[in-house]
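Protein chains get the first letters and strands the later ones, always in sequence-line order, with residue 1 at the start of each. Hydrogens, waters and symmetry mates play no part in the numbers below; they use all other heavy atoms, side chains included. Worth saying up front: this structure is predicted, and the values here are computed from it rather than measured.
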Amino acid sequence: MSTNPYIKQTFNIQKQSQLIRKDFPLLNLYSGDNQLHYLDNAATSQKPQQVIDAISDCYQRVNAPVHRGLYALADESTTTYEKSRKKVAQFIGAPQSEQLIFTLSATESINMVAQGWLKHHLNAGDKVWVTGMEHHANLVPWQRVCKETGAELCFIELTEDGSLDLDNATELYSEKTRFIAMSHVSNVLGVINPVKEVTQRAAQAGIPVLIDATQSVGHIPVDVVELDCDFLAFSAHKMYGPTGIGALYGKADKLATMEPMLLGGGMVDEVGDYESSWASLPSKLEAGSPNLAGAIGFASAVDYIESIGLQTIESIVSELTEKALFALSNINGIKIYGPLDSERREGIISFNLDGIHPHDIAQIAGESNVAIRSGHHCCQPLMRRLGEVATVRASFAPYNIEEEINALLEVIETAQSIFMPR
Amino acid sequence: MSTNPYIKQTFNIQKQSQLIRKDFPLLNLYSGDNQLHYLDNAATSQKPQQVIDAISDCYQRVNAPVHRGLYALADESTTTYEKSRKKVAQFIGAPQSEQLIFTLSATESINMVAQGWLKHHLNAGDKVWVTGMEHHANLVPWQRVCKETGAELCFIELTEDGSLDLDNATELYSEKTRFIAMSHVSNVLGVINPVKEVTQRAAQAGIPVLIDATQSVGHIPVDVVELDCDFLAFSAHKMYGPTGIGALYGKADKLATMEPMLLGGGMVDEVGDYESSWASLPSKLEAGSPNLAGAIGFASAVDYIESIGLQTIESIVSELTEKALFALSNINGIKIYGPLDSERREGIISFNLDGIHPHDIAQIAGESNVAIRSGHHCCQPLMRRLGEVATVRASFAPYNIEEEINALLEVIETAQSIFMPR
Amino acid sequence: MTTNTVYKEVLMDHYRNPRNFSDVSQSEAVHRGSNPRCGDDIKIGVDFDGDNIGKIVFQGRGCSVCMASASMMTESVTGASKNEVLELTEQLREWFDEKQGDTPAPLETLFALDALRQYPARRRCVLLAWDALESIIQVE
Amino acid sequence: MTTNTVYKEVLMDHYRNPRNFSDVSQSEAVHRGSNPRCGDDIKIGVDFDGDNIGKIVFQGRGCSVCMASASMMTESVTGASKNEVLELTEQLREWFDEKQGDTPAPLETLFALDALRQYPARRRCVLLAWDALESIIQVE
Ligand SMILES: Cc1ncc(COP(=O)(O)O)c(C=O)c1O
Ligand SMILES: Cc1ncc(COP(=O)(O)O)c(C=O)c1O
């Protein structure tokens, strides 16, 4: 990609981030002493002007009902919507566009699988496996479906360093197991889980696997064929796209046997007074007027990522992460969660400081325009396993620059000087 | 409202529409011979620059995770999100902001009530009533919940002129009835249903009523206290707002007893390994990262409507409708559906022409840049009752101007000259 | 109205005077094609002559495009072998999906469908009869 | 760091040396307040003296704001009547929700909470102890 403005061999990574940062208007609103150090990227990413423009352009040029009109504008909206689907589908390596369903969010995607697929394939005594590090979105829906069917929810526990303890999950591939749901990357630990290892053995045992890829798509390479997962869920807003749209990928046979969670217009074929039949995929799983601007924004986020290059994104974030990990691990009284090996983690770092409540650190950070997160990060079960009620979390994006690590370090120093004066 | 630029006594309605039309960039893209006559407003409305700008502004200035951060930007995003909720809630007269739940769409809102409330309140033999004119979104979810519980789905049929035949729905308020779901305004007939009459008698009988207000909110006054409905569903994109966001209003006791359809982050209180408890309203019913830009766009659509004035919108649309109805009813071989009395209808006109398939009319219209709709309009049960497989539908918005009615009439003339040469 | 109108004479002629439009109940093999979205609903009936289409008729109702396309189809495939029909169907799909390319229609008899390629929404109207015939052949 | 920091001396003093911080198991009435979102988890214990708060203690863990607010509360309400406490709680809520108004805190002892009003996200930290006490009084 020699035409890629973001990649020049002579540029060092710092300069690349600075170039990328220019695309993000919100970050450029603040300067000098007010500079915003946005390190809450695992919660939601900022949006480049390119994505914002694509959304405006949709409303200014393309907006019309999708799939239903016989005039030129409606053709354009339909074509653009389906092109967006294709773009997102290709980005994760889906063999067919129809395997990519636009949803409200990763949360909705997962609920659709729980209610529309797994519920109809579970019996009392069956087992559903999750891990001890799941986001509530990839846990609570399975709790409910297990309760409704009498199935048992089982946990892959964690090792000391926050990796999945697969060796001790002895029953994982047993005859009783009907489903495995796991995250690709933990939104707290940053650890990249060995998904492939699980899907391979699960496939031998005929067990479907859902991957919560909310923290991986757009950050590290994700290819559903390579991962060989049955379902994959993610959200646009964590990968520079708009709020309010997510996606569900599924293998063709799985989607075909899925009952739609939402019923209504667009997803039906024939509607009798008392009974109806469903349309073919992907329509069957997209009830209601499609989210045209959301889909266009989603696709333009993919375009944006591809224009920078996923590799560039990865190397910027991994350099930042390595530097931050190194600096943080030298702080007195700090505890960093998850493996320290930067090969096995993304740009998410959770930690705690002795004697200081995470809330107080985040507050002090906020007062210095350092946007970090404290809390359970929608991972209460993980917090229990870590023996904490909350952690502080800093997470990086390719628009972050090295001085923002320093800002974070200063915040920690301030917090320690307030709470742990010598 | 003397400062309202859209209202000047000296302006006639034509001039007002022309002024409003200036706010809609998509319509202004086309001019002269290419002018776009967008008469598919019942499918989705166009968006004013004000709404487009509000969405861009969100991403350029406000974007941050909602409800979860301790830094200034996260406070801003939270406050703005909740302000948007308040704005939309007030617009429909909801007593409390918490009674307004942001959803994916009207479709999702209705499904949430079917799966989360009605399903838990129905037994075999109970009756659920709908009408013969419902959109699939307000029918298919009830079909499923009836099938799941063994309840019976009953239909309020239509009179000759397309009004609800309430007199002959003798069992409507019977002891067996557990729920009534009906549209405020039909998206095919344009008829405004006597919702108040139904809710009053239903209240006496203790029967909850859901109103599908997708075609009424933003078009005619809707006040949930005045209507005294238990649930009300609508979508932003039909009222000049963004795609991909809708709303559900509910009475406090109803929402309190509703099981969430979607489970995940944000809607929980405590999450155990095997069981979880829910947060309070409105969070309980909004799983996942909130759709910040959608909510802001939704609220700005309300702002826009209020800046023009609902009354102005109503009078423009009703004048256009009256004129169109008059002109259309003089055409040979036309059949217009729904009551002709313009007091009882909104700006939606469905019709058929002898010997010409609706598809052919819409196609010919499309070739002349007249955007109208042909098909069943997601109302197959209504089509059966009308004895048609499809109709042509033209629907007006306040940015439509009188000459667009003429364009429609010309299209009809062309179609007749092609298909019914003398 | 643009000159690109789909309502060319040939198409209108097929619509007004559909070829091979008659009762399918006497046919060897029958398949129904319907599109609830617009109410198109037709039946195709075929009598085979060995591996070839001996006689083909259709019946039903739909928009002009659907009816004309079915009529044109019956003219195009009479006498053709099953494989030829399957191939032609595939070619027609590809040609239609090309939207505005210069490729001529796979058969001269189908040329009147050209203007429709701009309208992806009409795909199903054009292909309904063809899909139904394909189903008949695939089942055989 | 801005001068607007919430970590003023008074607050930090209450955090480091919480007043009336002791075992609640001996109290007449006890209520737990918890905020799973940040892990704050405290218990308030009250002994009434007729209609008044005779003795009030608290126990648990939380962020500095939560702990300091609980400590300040115990100082503010000791000796007050139930009604006075309910009123004060309401005033405190209103004052907090005003964000940046000039209104002083309803009690001087609470003035150290002023800077927190800019941070609606801290509302629950500030009010957790007060909500728990309100529940005790309302149940009584
Ligand atoms: C009367 C009515 N109800 C429900 C809907 C569904 O709305 P949405 O597709 O935005 O969910 C529509 C529009 O499609 C409608 O016209
Ligand atoms: C790992 C993980 N899974 C699921 C989700 C849920 O995503 P959303 O809130 O966009 O539905 C998130 C983010 O909140 C996440 O980090």
Counting only N and O atoms by type, is there a donor-acceptor contact under 3.5 Å from the side chain of [X] to the main-chain atoms of [Y]?
X: N111(A); Y: L262(B); answer: no
X: Q143(B); Y: G272(A); answer: yes
X: Q380(B); Y: V271(A); answer: yes
X: Q363(A); Y: L70(B); answer: no
X: N63(B); Y: S45(A); answer: yes
X: T243(B); Y: A293(A); answer: yes

First locate atom [atom1] of [X], then atom [atom2] of [Y], and finally report the distance between them rounded to the nearest 0.5 Å.
X: Y71(B); Y: N369(A); atom1: OH; atom2: CG; result: 12.0 Å
X: L263(B); Y: Q115(A); atom1: CG; atom2: CD; result: 7.5 Å
X: L26(B); Y: C58(A); atom1: CG; atom2: SG; result: 9.0 Å
X: H136(B); Y: S276(A); atom1: NE2; atom2: OG; result: 7.0 Å
X: I52(B); Y: I55(A); atom1: CD1; atom2: CD1; result: 11.5 Å

Considering only heavy atoms from C-beta outward, does the side chain of [X] approach that of [Y] to under 4.5 Å?
X: E108(A); Y: E108(B); value: yes
X: W142(A); Y: Y274(B); value: no
X: Q46(A); Y: Y59(B); value: no
X: L29(A); Y: Q60(B); value: no
X: N291(A); Y: I245(B); value: no
X: P65(B); Y: D40(A); value: yes

[X] versus chain A, the contacting section by heavy-atom distance below 4.5 Å:
X: F24(B); result: neither
X: L153(B); result: both
X: F102(B); result: neither
X: E270(B); result: both
X: M261(B); result: both
X: H376(B); result: neither
X: L36(B); result: side chain
X: R373(B); result: side chain

What option among [options] has the most heavy-atom pairs under 4.5 Å with chain B?
options: A114(A), G366(A), A137(A); result: A137(A)
options: V130(A), I110(A), L292(A); result: L292(A)
options: H135(A), E275(A), Q49(A); result: E275(A)
options: S105(A), A43(A), S56(A); result: S56(A)

Let me know if [X] has heavy atoms under 4.5 Å from chain B in its side chain, its backbone, both or neither.
X: H359(A); answer: both
X: R393(A); answer: neither
X: V62(A); answer: backbone

